[in-house]
Protein chains: 2
Amino acid sequence: MTELEKGPTGRRRGRGARERILSASQQLFREQGINRTGMDELCAAAQVSKRTAYQHFTGKDELVAEYLRRFDPSVLSGVFDRTDLTPRERLLAAFDIPPTTPLCPYIAAAVELHDPQHPASQYARDYKEAVAARLADTAREAGAADPEQLGEQLALLIDGAAARTRVLNADAFPAAAAIAAALIDNAIPATAGDDRRREESLG
Amino acid sequence: MTELEKGPTGRRRGRGARERILSASQQLFREQGINRTGMDELCAAAQVSKRTAYQHFTGKDELVAEYLRRFDPSVLSGVFDRTDLTPRERLLAAFDIPPTTPLCPYIAAAVELHDPQHPASQYARDYKEAVAARLADTAREAGAADPEQLGEQLALLIDGAAARTRVLNADAFPAAAAIAAALIDNAIPATAGDDRRREESLG
DNA sequence: CGTTATGTACACCGCCCTGTGTGCTTACGG
DNA sequence: CCGTAAGCACACAGGGCGGTGTACATAACG
């Protein structure tokens with residue numbers, strides 16, 4: 001018991017209640033929103049007693065923050081670590097979002113919680129900046145003239161597509177990808193990229 | 001009393017409680033969010049008894065929808081009706097958002113309510129489509145090759161800037177405006193616009 | 001075995017929320 | 001001046017919320 005504290009993996013000896021709680025929060029917070037999901041409902045879905053939940057998390061706020069932290073790798077790393085794609089393709093792959101995704105949970109959390117000081121809001125900010133940084137890294141790798149600017153621009157497009165998809169109930173990522181392609185081609189000086197194609201300008 | 005029902009202007013003979021309610025909702029819903037603003041608090045701010053509020057609006061849902069409808073003219077019309085600007089300048093003026101604005105209330109409502117069937121969510125969708133349409137009209141006026149596409153793209157940029165401003169707590173509209181300028185110049189064929197400048201490409 | 005951490009079951013608290021019921025006051029208009 | 005509609009004050013219902021207290025069960029590990 002000295003080896004594992006209550007670290008990220010959670011379960012020491014029990015039947016992994018912490019994991020079930022986080023798994024249920026992934027589903028319910030995304031499907032119904034944070035504010036509209038009560039702890040009773042969440043515990044029922046996780047098949048965990050409410051008492052246990054409050055022994056793992058000091059409160060709902062902490063659970064929400066942890067829920068955001070857990071969501072990270074499945075999206076961010078999944079795109080940027082694909083070595084089978086060229087840098088330019090990786091930048092565009094960030095716009096290939098499966099239509100099941102309701103809305104970027106970071107935006108949703110920031111709007112729902114409505115408190116910039118909330119730990120989840122702070123993490124959302126950090127995450128968004130990290131994404132922009134990774135986009136900038138990839139942009140640099142692709143030979144962009146101003147990678148930071150391109151990264152920031154692509155991040156803005158992603159967030160715009162996410163927000164617009166939510167409001168309009170229609171997938172806005174293809175349109176964003178078209179803009180992204182144009183920006184990328186504009187930002188990469190000729191004879192710098194690896195697989196640039198001339199014929200696609202704006203889609 | 002047969003002339004005025006309880007139409008848009010509200011007050012029949014009384015002291016205009018309806019107007020005060022809507023005015024208070026404009027402030028509180030934007031500052032604190034919809035879910036975090038109770039009817040008690042709202043009525044206190046409007047100096048209106050709760051009973052009166054529920055005689056004007058059948059419920060909070062209807063009040064929220066009306067709050068969104070009331071917000072419309074101050075932004076949308078204010079930009080597109082400026083005849084002192086060229087069409088291209090009008091398109092870019094849509095990105096000149098006073099930093100006081102917390103977040104596009106339509107996005108906030110769609111996220112907070114979390115129900116596409118909610119009347120406010122439906123109105124938010126209609127509004128966003130109307131904005132895109134007006135942007136497309138202006139884009140056509142500016143001589144864009146594909147006005148609908150440009151309008152949709154600019155709308156996406158605006159929403160992205162709004163969402164990103166909220167999450168990062170930093171103004172993202174200048175960056176969006178820079179992208180917009182590039183897209184506009186790309187979309188308008190040479191010798192079509194009225195005030196195009198060559199030297200600004202991406203800012 | 002027993003200890004200890006873990007999880008369970010269930011009732012319970014106080015708070016705030018939306019929404020009402022009731023009775024009273026004000027002001028406008030004929 | 002009087003009727004009526006608009007608005008007010010206040011209390012309360014009903015429910016969901018986050019969060020807790022208590023007593024009990026189980027699994028791991030010595």
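Numbered from 1 within each chain, the chains take letters A, B, ... in sequence-line order.
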- Which residue pairs pass the salt bridge (charged side-chain N to carboxylate O under 4.0 Å, His left out) test with at least one member in residues 107-128 of chain A, sequence neighbours excluded? K128(A)-D159(A)
- Sequence neighbours left out, what passes side chain to side chain contact (heavy atoms under 4.5 Å, CB included) with A132(B)? Give chain and number order. R164(A), E152(B), A155(B)
- Message: Closer than 4.0 angstrom, basic N to acidic O: yes or no for E19(B) and R70(B)?
- Response: yes
Grab the N/O contacts between the protein and nucleotides 17-23 of chain D below 3.5 Å, and write none if there aren't any.
from	atom 1	to	atom 2	distance (Å)
dG18(D)	OP1	K60(A)	NZ	2.5
dG18(D)	OP2	M39(A)	N	2.6
dG19(D)	OP2	Y54(A)	OH	3.2
dG19(D)	OP2	K60(A)	N	2.8
dG19(D)	N7	K50(A)	NZ	3.0
dG19(D)	O6	K50(A)	NZ	2.4
dG21(D)	N7	R51(A)	NE	2.9

- Qualifying ring pair (Phe, Tyr, Trp, His ring centres under 6.0 Å) pairs with a residue from residues 147-180 of chain A, counting only residues at least two apart or across chains: none
- What does the inter-axis angle of the helix from dC1(C)-dG30(D) to dG30(C)-dC1(D) come out as, five pairs per end, nearest 10 degrees? 10°
- Task: Provide, to the nearest angstrom, the distance between the CG atom belonging to L63(B) and the P atom belonging to dT18(C).
- Result: 10 Å
- Message: According to side chain to side chain contact (heavy atoms under 4.5 Å, CB included), who are the partners of A133(B), at least two apart in sequence or on a separate chain?
- Response: none
- Does CD in Q47(A) sit with more than 12 non-hydrogen atoms of other residues, nucleotides or ligands closer than 6.0 Å? no
- Is S49(B) near enough to dA9(D) that one of its side-chain N or O atoms lies under 4.0 angstrom from OP1 or OP2? no
- Task: Keeping to residues at least two apart or across chains, list the ring pair (Phe, Tyr, Trp, His ring centres under 6.0 Å) pairs with something in residues 18-51 of chain B.
- Result: F29(B)-Y67(B)
- Write down the distance between CD (E62(B)) and P (dG19(C)), rounded to a whole number of angstrom. 11 Å
- Message: Holding to side chain to side chain contact (heavy atoms under 4.5 Å, CB included), I want the full list of residues that pass it with A45(B), two or more places apart in sequence or in another chain.
- Response: A24(B), L28(B)
- Message: Could you work out, with side chain to side chain contact (heavy atoms under 4.5 Å, CB included) as the rule, every residue matching A44(B), not counting sequence neighbours?
- Response: none
- Quick one: E19(B) CD to dG7(D) C1', roughly how many Å, whole number? 15 Å
- Message: Holding to side-chain hydrogen bond (donor to acceptor under 3.5 Å, both in side chains), I want the full list of residues that pass it with Q26(A), two or more places apart in sequence or in another chain.
- Response: none
- Rounded to whole angstroms, how far apart are CD1 on I21(B) and P on dG19(C)? 13 Å
- Message: Can you list, in residue-number order, the parts of residues 107-120 of chain B that come under 4.0 Å of DNA chain C, counting heavy atoms only?
- Response: none
- Message: Any side-chain N or O of H56(B) below 4.0 angstrom from OP1/OP2 of dA6(D)?
- Response: no
- Message: Can you pull out every salt bridge (charged side-chain N to carboxylate O under 4.0 Å, His left out) where at least one residue sits in residues 47-62 of chain B? Sequence neighbours excluded, please.
- Response: D40(B)-K50(B)
